[in-house]
Structures are given as C-alpha cells and as structure tokens.
Amino acid sequence: MSRRTKNRTNTPTKIFSFAFAALAGLAIAAAPATQAQAGDYHCTRQVWVTTWKYQKVPYQVCVVKYTPCGRAYETYETAYRTVRVPVKKLVTVAY
C-alpha cells in the first residue's frame with residue numbers, strides 16, 4: 001500500500017501527544033494572569049523625566065510710528081513669542 005492509502009490507526013505516540021497537548025492547554029488556561037493588575041506595585045522606582053511646556057514670553061520691540069502731520073517717532077511696544085520651556089517631573093515607573 002502506498003503511504004496515502006495506508007490505514008491510519010491511532011498509535012500510542014499519537015494518543016500520548018494529543019493527551020499531552022490537551023493537558024498543557026488546560027494548565028495554561030487555569031494559570032493565573034501574570035500581568036500586573038491595578039494597585040499591584042511590586043517593582044517600582046521613581047525617575048526624573050524632562051517634559052516640555054509652551055509659554056508666552058513678553059519682549060519689547062522698537063516700532064516707528066508717524067504723527068498725523070507726517071513726523072516719524074520711535075516707540076516701544078510689547079510683543080509676545082511662544083517658547084518651549086523644559087519642566088522636570090518625578091514619575092513613578094512600574095517594571
């Protein structure tokens with residue numbers, strides 16, 4: 001008989017491997033979850049982290065203005081620019 005037409009029977013090796021796979025699947029399904037749950041802080045540490053904050057900062061600008069009769073004069077006006085400012089925070093990291 002060729003290999004394809006051979007009568008397939010359940011050999012002890014096949015039965016053992018199926019039973020082992022079934023038991024392993026049950027053991028994995030019955031095992032408790034190993035991921036950290038909320039409030040479960042066994043391994044934590046605090047780390048300084050630099051974050052960035054955007055701020056508007058005032059600065060003075062010299063501007064040339066004109067009187068109604070056409071004379072020029074200089075004056076200072078306040079303008080604002082947005083700058084990025086580093087902020088250090090202490091963060092708790094769970095690992």
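Here the structure is a predicted model, which means the values were calculated and not measured.
- By the 6.0 Å contact criterion, OH on Tyr59 is enclosed, its count of non-hydrogen atoms from other residues, nucleotides or ligands being greater than 12.
- Remark: Thr92 OG1 to Gln46 CD distance equals 4.0 Å, nearest 0.5 Å.
- More than 12 heavy atoms of other residues, nucleotides or ligands lie within 6.0 Å of CD in Gln60, so this atom counts as buried by the packing criterion.
- In the hydrophobic clustering of this structure, Val49 does not group with Leu90; members are Ile, Leu, Val, Met, Phe, Trp, Tyr whose side-chain heavy atoms approach within less than 4.5 Å, directly or through other members.
- Looking at residues two or more places apart in sequence or on another chain, you find a side-chain contact (heavy atoms from CB on, under 4.5 Å) between Val57 and Val83.
- Atoms NZ and OG1, from Lys88 and Thr51 in turn, are 11.0 Å apart once rounded to the nearest 0.5 Å.
- Shown here is Tyr73, whose OH atom has more than 12 heavy atoms of other residues, nucleotides or ligands within 6.0 Å.
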